[in-house]
Structures are given as structure tokens and as C-alpha cells.
> 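Input: one structure, supplied below.
Quantities reported herein were computed from a predicted structural model and do not represent experimental measurements. Along the sequence shown, residues carry numbers from 1.
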Amino acid sequence: MKSFQHLTHAVACATLGLLLQAPAHARDLVLGFSQLGSESQWRIANTKSVQDSAKAAGVQLRFENAEGNPAAQITAIRTFISQKVDVIALAPGVTTGWDDVLKEARDAGIPVIITDRGIDTRDDSLYATVLGSDFAEEGRRAARWLVRSAPAKAQVRIVELQGTSGSAPAIERKAGFEEVLRTDPRYKVVRSEVANFSKDKGREVMAAILQAEKPVDVVYAHNDDMALGAIEALEAAGRKPGKDVLVISVDATRGAFEAMVQNKLNVTVECNPLIGTQLMDLVKLVKAGKPVPKRVQSREGVFAMDKAAALIGSRKY
């Protein structure tokens, strides 16, 4: 499956030029947005960003929340097609199974923008662009931080909490993390379990792992919510997250910053949910028939525990 690629400087400049040419107002534009769910603070912030940005851009938004059900997303897309919306945006819950419904949208002349997560298809003409993060690079960034920061031990035992099975971030964050660590035999993932991007599930899965795996040196969670749940499980087991167990997560939500301020989370790799403005710009461009890059990436950083107190006040999600 293809991973998101960083835009070159030239493409970025060209994109900016196109955005400057986009219509200033889009009062008649109707966007159908199929959101995959509300499973995390990241997702809630993402939804609010899209809703607020649509209002600011004068785009009429028709919003459907699938609550984690890909079949409900397919139904929502078909509803948008029947309503003859101008553009469809899809935040896919899983990577596969979209070809048929996206062909229906294409046949109806409705362009589709994939947001947040990529899809696995051999026909990239089914969508205009993918807007979101490079999940594999997020996994690499997490692993690079670990290589720099792990204690000097003969073996570093890692527990991985995966996101939803079959989702792009779960697949790619795992692959990127493993890619960096594969060259150093000191690092060993002793357990890798699905916890569905959920705090409660993260707590439950981590508690079960701690009963079977001792010692554990590192927890790598595919999102902050699972990491926060794992922290609670570690504390309940008498462990000290952030100290005797390094905790690494992805998203950089305010909850993660609060945990870092409390010295319980060591680092969070940013996955920016505030992509609403970028989405509205792309909606205007594709509706106007203008070319757009096939991949558009959001700006993101890596935040460690020692910087959290200074930065927490500026976090918007």
C-alpha cells in the first residue's frame, strides 16, 4: 500500500499558486462529508475543524458520522450521490472496499477527496486527492526518538498497542516503527495487540499484557488515547509510566500534553486533525476543475516531555 509522501518544494509552491486562484466564495458549494466516527479526542477535533471551516468558507456541509462502521460510510456516500452534492469527502475507516462506491461517485461526476487516511486501490482516478498525514513517517519518528532515548540495555522490550485492524494509520504506523528498529537487534516488540484507538481498550489490553509480559521497557501506542489507557494500567500494576516504562504515542492531543506535564508520557508524535481549512481549499479547486496534487500533507512535529509545559497552552485540540 502506498504511504503518504512529502510534497516537494516545487509542488508545494504550485499548490499555493492554485489556492490563490481558487474562488474567494463558494456559497453554492455543497460538500458531503463521511466521517468514520468519534472514537478519540483527535477525531472529535477533526470533525469540529471540518465543520467550522466549512461555515467560514461558505460551504454547505452535509455531515454523516459512521461511528466506526464502514458499511454506514458506503451508505452515506450513496446518499450524497443521490443528493447530487458537488464534492464528497471521505475519512475511511479501513483501507479497502471502496472501489465500487467511488466508481459510482465518479460516474455521477462528483469528485471525491480522501481525508486523514489513505485507501488501497489500483485505480487512483477514483479520487482527486488524499489530504492528511504520513502515517509511516509518524511511526519512523516514534522509533527514531526511541533509538535516541532508550536506556542502554542489551535488549529493549516493547509493547505495541495497534489501532483499528485494517486502518491505514494502524498498518503504516506499525510498518514505519518496525522499519527503523529492524536494523538494531536490541529492540524487540514482545507483544503487539489491537486496541482500536480507544482509551478503555488500551487500558484493558495493557492490563492483560502486563500479566503475561515481564519486564516491559517501552509502550508504543498508535494514538494518545490508547497510551493514556495504558498509563492507567501501568499505574494500577505498580509501574511508573514515563520513568521505568517509556511511553510513546501518536497524535499530540491536549490529553497527551497533560500526561507529559505529569511526567507520565515521554513523547507524542503529532498527527494534525485541524485540516478543515486545507480541505475547503481543495474542495473549491476540484469543483472548479483545477489540478491538485495527489497527496497533500499537513504540517506536524514531535513533542517530548521536557517541552510540554511550555507548549500546552498553545495546543488547540
> For the backbone of Gly132 and the side chain of Asp116, can you confirm whether one donor and one acceptor N or O come within less than 3.5 Å of each other?
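The answer is no, because no donor-acceptor pair under 3.5 Å joins these two groups.
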> Is the shortest side-chain heavy-atom distance between Thr79 and Glu64 below 4.5 Å?
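A side-chain contact is absent here, since even the closest heavy-atom pair is not under 4.5 Å.
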> Take atom NZ in Lys294; do more than 12 heavy atoms of anything else shown fall under 6.0 Å from it?
yes
> Using side-chain heavy atoms (C-beta onward) and a distance below 4.5 Å, is Leu126 in contact with Arg106?
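Sidechains of Arg106 and Leu126: in contact.
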> For the pair Asp251 (side chain) and Cys271 (backbone), establish whether a donor and an acceptor sit closer than 3.5 Å, ignoring hydrogens and angles.
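No.
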> Evaluate the side-chain contact (heavy atoms from CB on, under 4.5 Å) criterion for residues Ile171 and Asp120: first the C-alpha distance (whole Å), next the side-chain angles of each, then the deciding distance (0.1 Å), finally the verdict.
CA-CA 11 Å; Ile171 294 168; Asp120 190 359; over 6 Å; no
> Let's go through Gln51 and Phe33 carefully: what are the C-alpha distance in whole Å and the side-chain angles of both, what is the deciding distance for side-chain contact (heavy atoms from CB on, under 4.5 Å) to 0.1 Å, and is it a yes or a no?
CA-CA 10 Å; Gln51 291 172 331; Phe33 178 43; over 6 Å; no
> I want to check something: taking the side chain as every heavy atom from C-beta on, are Glu235 and Pro241 in contact at a cut-off of under 4.5 Å?
yes
> Any luck finding a side-chain donor-acceptor pair between Asn65 and Glu67 under 3.5 Å?
yes
> Can you check side-chain contact (heavy atoms from CB on, under 4.5 Å) on Tyr127 and Leu90, steps first, answer last?
CA-CA 10 Å; Tyr127 58 89; Leu90 166 67; over 6 Å; no
> Using a 4.5 Å cut-off on heavy atoms from C-beta on, say whether the side chain of Ile158 contacts that of Phe177.
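The answer is yes; the side chains approach within 4.5 Å.
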> Could you check if a side-chain atom of Lys199 sits within less than 4.5 angstrom of a side-chain atom of Gln41, using non-hydrogen atoms only?
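Result no, sub-4.5 Å side-chain heavy-atom pair not found.
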> Locate the shortest heavy-atom distance separating Leu246 from Asn266; write the atom from each residue and the value.
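Closest heavy-atom pair between Leu246 and Asn266: CA-OD1, 3.2 Å.
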> Flag the pair Arg315 and Glu270 as a salt bridge only when some basic side-chain nitrogen lies within less than 4.0 angstrom of an acidic carboxylate oxygen.
yes
> Kindly say whether Ala45 contributes a backbone atom to a donor-acceptor pair with the side chain of Ser49 at under 3.5 angstrom?
no
> Check this for me: does any side-chain nitrogen of one of Lys240 and Asp244 sit under 4.0 Å from a carboxylate oxygen of the other?
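So Lys240 does not pair with Asp244 through a salt bridge.
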> For Phe80, does the six-membered ring have the charged nitrogen or CZ of Arg78 within the cation-pi criterion, i.e. under 6.0 angstrom from the centroid and within 45° of the normal?
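No cation-pi geometry.
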> Any donor and acceptor pair, going by atom type alone, linking the side chain of Arg254 with main-chain N or O of Ile312 inside 3.5 Å?
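At least one qualifying donor-acceptor pair exists.
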> Would you kindly say whether Asn46 and Gln35 are connected by a side-chain donor-acceptor distance under 3.5 Å?
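Short answer, yes.
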> Given the rule in the side-chain hydrogen bond (donor to acceptor under 3.5 Å, both in side chains) test, do Glu39 and Ser198 qualify, once you have shown the distances and angles that lead to the verdict?
CA-CA 6 Å; Glu39 76 287 353; Ser198 161; over 6 Å; no
> Can Asp200 and Arg203 be counted as an ion pair, charged N to O under 4.0 angstrom?
yes
> Do Leu146 and Val180 make a side-chain contact, defined as non-hydrogen atoms from C-beta onward lying under 4.5 Å apart?
no
> Salt bridge or not between Glu138 and Arg141? Use side-chain N to carboxylate O under 4.0 Å.
no
> Would you say Gln73 and Leu36 make side-chain contact, with heavy atoms under 4.5 Å?
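In short, these two side chains touch, coming nearer than 4.5 Å.
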> Does any part of the side chain of Ile119, heavy atoms only, come nearer than 4.5 Å to the side chain of Leu102, both counted from C-beta?
yes
> Is Leu210 linked to Ile248 within one hydrophobic cluster, defined over Ile, Leu, Val, Met, Phe, Trp and Tyr using a side-chain heavy-atom separation of less than 4.5 Å?
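As far as the 4.5 Å side-chain criterion goes, Ile248 and Leu210 are not connected within one cluster.
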> Among Arg186, Lys153, Arg157, which one satisfies salt bridge (charged side-chain N to carboxylate O under 4.0 Å, His left out) with Asp217?
Lys153
> Would you say NZ of Lys174 has more than 12 non-hydrogen atoms from neighbouring residues, nucleotides or ligands within 6.0 angstrom?
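Above 12, so yes.
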> Do any N or O atoms from the side chain of Thr121 and from the backbone of Asp124 form a donor-acceptor pair under 3.5 angstrom?
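Not at all, since once roles are kept as given, no pair shorter than 3.5 Å links the two residues.
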> In residues 218-231, what donor-acceptor pairs under 3.5 Å come from side-chain atoms, sequence neighbours left out?
residue : atom : partner : partner atom : Å
Tyr220  : OH   : Arg173  : O            : 3.0
His222  : ND1  : Gly163  : N            : 3.2
His222  : NE2  : Glu160  : OE2          : 2.9
Asn223  : OD1  : Met226  : N            : 3.0
Asn223  : ND2  : Phe197  : O            : 3.1
Asp224  : OD1  : Ser249  : OG           : 2.5
Asp224  : OD1  : Thr268  : OG1          : 2.9
Asp224  : OD2  : Ala252  : N            : 2.8
Asp224  : OD2  : Thr253  : N            : 2.7
Asp224  : OD2  : Thr253  : OG1          : 2.9

> Can you check side-chain contact (heavy atoms from CB on, under 4.5 Å) on Ile81 and Ile88, steps first, answer last?
CA-CA 8 Å; Ile81 293 170; Ile88 293 171; 4.0 Å; yes
